[in-house]
Amino acid sequence: MFKSYREVWKGDLYMNLQHESFMIVPMTREHAETVCGWAYDPPYDLYGWLPWDQMEALGVELGDPEVRQSQYVSVLDAEHTLCGFAQFF
C-alpha cells in the first residue's frame with residue numbers, strides 16, 4: 001500500500017518509495033532543471049516555471065537547494081525517466 005510522505009521521510013534520510021512501476025525519490029538539481037523546461041498548453045500554462053537559469057540565480061523554489069530538498073520529490077517511471085513531481089508543505 002502507498003505510504004504517506006511522512007511515513008517515508010526518516011529524519012535526514014529519505015527512503016525511496018517504490019510502488020508498481022513508479023518511484024518517488026528526492027528531487028535532484030537535474031530533475032529541477034528538466035521540470036523548469038516543461039511547457040504546458042493553456043489553460044494549464046499558468047503552472048509553468050521560470051527558466052532554470054533564472055530560478056537558480058534567484059534561488060527560489062526549485063532553484064533553492066534547501067527548498068528543493070525539503071519540499072519537492074520527483075516521480076520516476078520504471079526506466080528512471082522523470083515523469084512528474086510533487087511539492088509537500
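Heads up: numbering here begins at 1 and tracks the sequence.
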Is any side-chain heavy atom of Gln87 less than 4.5 Å from a side-chain heavy atom of Tyr72? yes
Dump the intermediate steps for side-chain contact (heavy atoms from CB on, under 4.5 Å) on Phe88 and Ser70, then the final yes or no. CA-CA 8 Å; Phe88 299 100; Ser70 65; over 6 Å; no
Is Leu82 close to Val75 at the side-chain level, that is, under 4.5 Å between some pair of heavy atoms? no
Less than 4.0 Å between a side-chain N and a carboxylate O, is that true for Glu61 and Arg68? no
Partners meeting side chain to side chain donor-acceptor pair (under 3.5 Å) with Ser74 (sequence neighbours left out): His31
Quick one: CZ on Phe85 to CG on Leu62, what's the gap to the nearest 0.5 Å? 6.5 Å
For Met27 and Gln69, run side-chain contact (heavy atoms from CB on, under 4.5 Å): C-alpha distance rounded to whole Å, both residues' side-chain angles, the deciding distance at 0.1 Å, then the answer. CA-CA 7 Å; Met27 182 178 277; Gln69 179 184 18; over 6 Å; no
Measure up the Trp38 and Tyr40 rings against each other and bin them: parallel (under 30°), tilted (30 to 60°), perpendicular (over 60°). perpendicular
Less than 4.5 Å apart, side chain to side chain, heavy atoms only: is that true for Arg29 and Glu56? yes
Are any non-hydrogen side-chain atoms of Ser21 and Asp77 less than 4.5 angstrom apart? no
Minimal non-hydrogen separation, Pro51 against Cys36, with atom names: C-CB, 4.4 Å
Is the shortest side-chain heavy-atom distance between Val25 and Leu76 below 4.5 Å? yes
